[in-house]
Amino acid sequence: MVSPPKILQSILRKLCRDEFLESVEGDLIALYHRRHEQRGKLYASIYYLLDVIQFIQPFFLRLNCNHTNADMYKSYFKIIFRNILKKKLFSGINLLGMSLALGIVMATFAFVSHESSYDSYHSKQDRIYRVTYRYNNQNGYDISWARVVQPWVNELEEVFPEVEKLVRFQSFRPRNVKIGTNKFREKYAFSTDATVFDVFDFQFISGDPQTALKEPYSVVLTESIAKKYFGENQPLGEAIEIYNDLGEQETHKVTAVIKDQPSNTHMPVNFLSTINSPEERAGWAYTYILLKENAKIQSVEQQIDQFIADRVEENPEFLTYSFQPLTDIHLHSDLSREIKANGNYDYLLIFSLIALFLLAIATINFANLNTVQLLNKTREIGIRKVIGARKANLKFYMYLEAFVLTMIGAVVGAVLFWLLLSPLENFVGYQLTFNHGLLILGLLAVVVFVSLLAGVYPAQVISGLQPIFALKGKLNKRVGSKGAKTFLVGLQFAISAALMSGTLIFQKQFQYIQNAQLGYDQQQVLAIMDIPNEVSDSYETLKTKILEIPGVADVSASLEIPTRPIKDQGMVRISGREQDDDNLPSADIQVIDINALELLNIQLVAGEQLPQSIKNINKKLNESESIDDYMQSNRKAYLLNETAVKLLGWESPEEALANEISWSIGNIRLAPGPVVGVVKDFHQESFKTTIDPLVMTYEPIWLRQVLVKVDSDNYFRIVDRINQQWNDLFPDIPMETAFLDSEFEKLYQSEQKQFVLIAIITVITVFIAFLGVFGLISFTVRLRLHEMAVRKVLGARFMQIFQVLGKEYILLNFVSMLLTVPVVWYFMNDWLENYAYHIEIGPIGFGISILSISLILLSTIYFQTRKASIRNPAEILRND
Amino acid sequence: MKGNSIGEFEELVLLAVGILKDDAYSLSILEELKIRTGRKVLISSVHKVLSRLETKGLLESQMGGASKERGGRSKKLYTVTGYGIKVLSESHELRIGMWNAMNEANLGLG
């Protein structure tokens with residue numbers, strides 16, 4: 001016969017009084033059996049638990065404590081709450097510190113657990129890997145890509161028995177969509193395999209995952225996109241026009257609607273369309289494999305080099321494939337062309353560390369203040385002892401007091417966190433996903449831990465107290481092992497100084513990056529971004545039209561806008577020089593319209609800009625011609641940057657001039673041409689990375705960004721006019737614009753945010769540390785009031801009293817600061833190494849933090865001492 | 001009536017014990033109350049009231065009737081004491097009296 005969970009039964013037996021036990025137990029077992037029969041085991045067990053809970057009330061409980069004990073606990077709570085209310089300074093400092101610290105620790109937990117939870121909501125996450133590759137030769141060409149291009153990657157699925165499915169996400173560039181007369185430009189609109197829903201978890205609102213992408217020209221919309229396209233109307237079965245990479249309209253049928261993805265995914269999706277033919281299933285794609293259950297990725301990794309060697313004829317060793325576990329992508333990947341910006345593991349560590357410091361400081365405050373407060377409690381403890389309190393009772397009382405205070409702090413902290421959460425989410429820009437249950441459990445664990453730490457010393461002292469001394473209001477021991485207290489306060493000074501100087505160094509580096517001249521003028525430049533072939537074919541017409549608009553100073557174009565990285569790195573050949581074909585030097589390519597240098601104010605250090613004549617020579621690609629032939633036959637002229645000149649082995653920019661070079665990527669080779677000029681190095685990307693060697697040339701079919709220099713303040717009107725011109729020329733294509741200076745600011749946005757967060761937490765940490773020190777000093781002063789009065793009577797001057805009281809703290813302060821400097825210096829230097837260009841750590845940051853901390857400390861001691869020394873000594877001494 | 005007043009729920013439990021006669025124990029009383037009143041009753045409150053009524057001397061109990069369904073545990077079987085019957089009938093009479101008075105008053109008015 002079945003029986004209720006043993007553990008619950010024994011709980012009931014422990015708790016319930018004997019006179020009830022037999023019949024109650026019988027009733028509950030009978031009820032359990034009846035429920036078990038009707039609704040099964042789980043239901044019965046849950047209700048059994050609820051029944052047991054019903055009986056946890058004083059009427060039935062086996063209280064081994066008699067009435068005096070109950071009164072004792074009542075009195076404990078009463079006195080604890082009275083003490084909190086009476087000692088406002090002490091409890092205020094503790095509660096403020098504890099709640100601020102716990103609130104921020106909770107926020108940090110939410111942030112860190114969001115960041116580390118990326119993609120873990122997919123039920124097969126432990127079996128999904130992203131395929132990435134790296135290409136490097138001995139000559140510095142080295143790029144690791146988040147997506148793959150090799151046509152044979154699809155064979156992974158057939159060749160390796162470990163691989164169950166392979167899913168490609170193609171068409172990752174923003175896609176143009178037309179519904180009736182409405183045009184949209186959609187990011188994260190992938191075309192993918194029908195099996196995608198077998199690998200990744202998408203929640204279907206309507207439609208069937210098995211068939212959604214089976215038929216060619218089907219599309220699955222997310223909820224918010226469906227709303228954007230069709231409003232409240234039912235989208236299923238509706239047709240939408242999606243432009244393919246060649247600019248042709250293709251009619252797709254909506255077959256399903258899925259829920260929007262959570263914010264913690266590295267791969268946001270707006271819609272998923274089908275890959276419509278085997279021929280289309282090629283080219284660049286973010287590629288994921290699902291392993292079979294119990295299969296190991298290591299066995300694929302072991303054979304992958306052979307797999308590549310079988311398929312690549314020339315230098316297969318230059319190509320390496322790797323497989324990233326799905327959940328590692330967000331924090332540990334950071335390759336070229338990630339789908340969305342990655343998180344930064346280092347910052348997570350920094351945040352966790354600072355939160356830990358904050359908690360440590362608040363705990364130290366609490367423990368220290370709790371310890372010195374003992375002196376105020378000796379009478380109470382003495383009386384309790386005389387009345388018959390046992391050691392164990394008093395110990396419990398001390399822990400209970402610490403626990404109650406921490407618990408109140410935790411509740412206030414939780415409210416604080418709750419209030420902070422939505423501003424924080426606005427600030428970081430996405431919704432935080434974290435486990436609420438875990439957060440509460442963690443908070444409780446921290447509360448228990450902190451109250452044990454803060455209670456252990458008082459409990460120790462109290463239990464050894466002699467009632468006789470205690471009743472006199474004295475301790476038979478010296479309060480607080482001096483060493484421990486000194487160490488803890490010193491630790492607080494050290495943490496404060498470390499955080500402050502670290503933040504100041506961070507701030508200086510950040511300012512340095514932000515104010516650095518990037519080598520071009522981004523002011524008042526509007527970019528029309530990522531134009532499709534259709535537009536770049538008619539670029540010259542568009543340019544003439546835009547130039548007609550009043551307020552437009554100049555129009556140019558380029559392959560990539562400044563601020564965005566160029567990832568097209570290719571080989572450079574120098575005519576007439578002996579070069580090893582397998583290890584050619586490599587450089588980035590930037591394609592520009594002739595006037596781009598002027599428009600962006602990029603300086604030439606030698607030679608001149610591309611000749612106007614090159615534009616007339618370069619013809620358009622006609623349809624019968626292959627891209628190779630076209631490229632080979634179009635004559636070129638080149639510009640280099642200073643870094644490229646150095647890489648290619650010329651001593652000076654002048655020396656590079658007139659040499660003939662050519663540039664190639666894969667099979668595409670640009671025709672050779674002379675170097676006509678050398679430009680001053682400028683930062684294509686942010687100031688965080690080094691300047692790469694760069695080759696610039698003119699190539700009409702590779703112009704992807706239109707740059708418009710504006711010389712009027714009326715931006716809106718100009719954008720509006722450009723939009724009109726655009727719509728006249730390309731009625732079917734949406735236009736995407738951005739101002740370069742706002743793109744420029746985006747480069748540092750995440751750093752800026754992180755800096756602000758770190759600065760705020762640092763200020764709060766230092767504040768809490770000083771709250772604690774302030775409390776400690778004011779308490780010390782009060783304790784030594786008599787001593788000070790006697791000294792004063794004997795003729796001590798204020799400064800002497802100040803010295804007596806402050807000496808210890810000031811010394812402690814300086815010692816801990818001196819110990820901090822080398823540690824901070826070491827770690828910050830390490831951190832600065834992440835930046836290609838960084839400041840040298842100077843004494844200023846340390847100076848400022850040491851000085852300001854010392855200043856706050858001195859003024860705290862000063863005011864406390866003053867308060868004490870102003871009082872008439874007679875008044876103080878009279879009490880004795 | 002003064003001094004030995006019982007609450008409504010107590011009265012219902014007492015009546016249920018009377019109805020169930022030889023098989024009046026906590027669980028059967030619970031069922032009886034559920035059926036007759038349609039209210040949700042907690043098993044713990046039944047136990048509480050039974051014990052309180054026993055202390056007041058309105059009920060007396062004896063152990064017995066262990067079964068497999070109860071995991072071999074005995075039931076506490078209750079019977080209404082003479083004093084209990086007296087309290088019940090006093091309460092009943094009080095109500096009847098008041099009911100009649102109300103009817104008369106209303107008839108008189110009508």
Side-chain angles (χ1 to χ4, degrees), chain A residues 1-67 69-70 74, chain B residues 6-7 9-10 12-14 16-17 19-35 37 39-81:
Chain A
M1 190 131 188
V2 289
S3 71
K6 285 264 152 32
I7 177 150
L8 293 177
Q9 289 201 51
S10 71
I11 287 176
L12 182 67
R13 239 170 274 146
K14 282 241 167 63
L15 291 175
C16 193
R17 247 186 283 172
D18 286 336
E19 48 177 305
F20 295 109
L21 190 59
E22 178 95 10
S23 75
V24 168
E25 245 191 323
D27 283 358
L28 295 196
I29 292 171
L31 282 171
Y32 178 85
H33 285 148
R34 290 179 198 175
R35 286 175 181 143
H36 192 278
E37 239 161 67
Q38 288 164 5
R39 308 278 291 268
K41 187 168 178 186
L42 184 69
Y43 178 83
S45 301
I46 289 172
Y47 272 86
Y48 186 82
L49 172 68
L50 294 178
D51 284 343
V52 171
I53 291 173
Q54 268 182 52
F55 284 92
I56 304 181
Q57 45 176 303
F59 193 84
F60 301 103
L61 282 189
R62 183 203 292 274
L63 288 172
N64 56 358
C65 50
N66 47 30
H67 278 288
N69 271 342
K74 229 164 117 187
Chain B
I6 53 172
F9 188 62
E10 285 176 327
L12 291 178
V13 170
L14 211 50
V17 174
I19 295 168
L20 290 163
K21 232 181 140 189
D22 291 336
D23 193 35
Y25 73 104
S26 43
L27 211 50
S28 64
I29 295 166
L30 178 88
E31 295 297 326
E32 189 69 29
L33 287 173
K34 265 189 193 165
I35 292 164
T37 64
R39 288 190 213 163
K40 271 198 171 174
V41 183
L42 286 178
I43 182 73
S44 58
S45 26
V46 175
H47 275 280
K48 215 192 265 185
V49 168
L50 285 173
S51 142
R52 210 177 279 147
L53 292 173
E54 196 179 4
T55 324
K56 285 185 187 172
L58 305 176
L59 290 176
E60 53 191 13
S61 69
Q62 69 187 78
M63 303 301 285
S67 71
K68 211 175 173 192
E69 195 200 19
R70 300 176 57 79
R73 270 70 165 185
S74 305
K75 302 167 181 172
K76 206 172 196 180
L77 293 163
Y78 288 92
T79 42
V80 187
T81 58

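Every chain is numbered from 1 and lettered A, B, ... according to where its sequence line falls, protein lines coming before strand lines. What you are looking at is a predicted structure, and each value in this text was computed from that prediction instead of being measured.
Of the options Leu31(A), Asp27(A), Leu28(A), a side chain to side chain contact (heavy atoms under 4.5 Å, CB included) to Arg70(B) is made by Asp27(A) and by none of the others.
Arg39(A) is linked by a side chain to side chain donor-acceptor pair (under 3.5 Å) to nothing, counting only residues two or more places apart in sequence or in another chain.
With values rounded to the nearest 0.5 angstrom, Leu50(A) atom CG is found 11.5 Å from Ser44(B) atom OG. The NZ atom of Lys48(B) sits 10.0 Å away from the CD atom of Gln54(A) when rounded to the nearest 0.5 Å.
When the heavy atoms of residues 53-62 of chain B are compared with those of chain A, none of the residues falls under 4.5 Å.
The heavy-atom pair separating His47(B) from Phe20(A) by the smallest distance is O-CE2, 4.4 Å. The shortest non-hydrogen separation linking Leu27(B) to Ala30(A) is CD2-CB, 3.7 Å. In terms of heavy-atom proximity, Gly26(A) sits nearest to Arg73(B) at CA-CB, 3.6 Å. Minimum heavy-atom separation, Ser51(B) to Phe59(A): OG-CZ, 3.4 Å. Nearest heavy atom pair, residue Arg34(A) against residue Glu69(B), reads NE-OE2, 3.1 Å.
Environment of CD1 in Ile7(A): sparse, with no more than 12 heavy atoms of neighbouring residues, nucleotides or ligands closer than 6.0 Å. The number of heavy-atom neighbours closer than 6.0 Å to OH of Tyr47(A), taken from other residues, nucleotides and ligands shown, is 12 or below.
Proximity to chain B (any heavy atom under 4.5 Å) is restricted, for Phe60(A), to the side chain, taken from C-beta onward.
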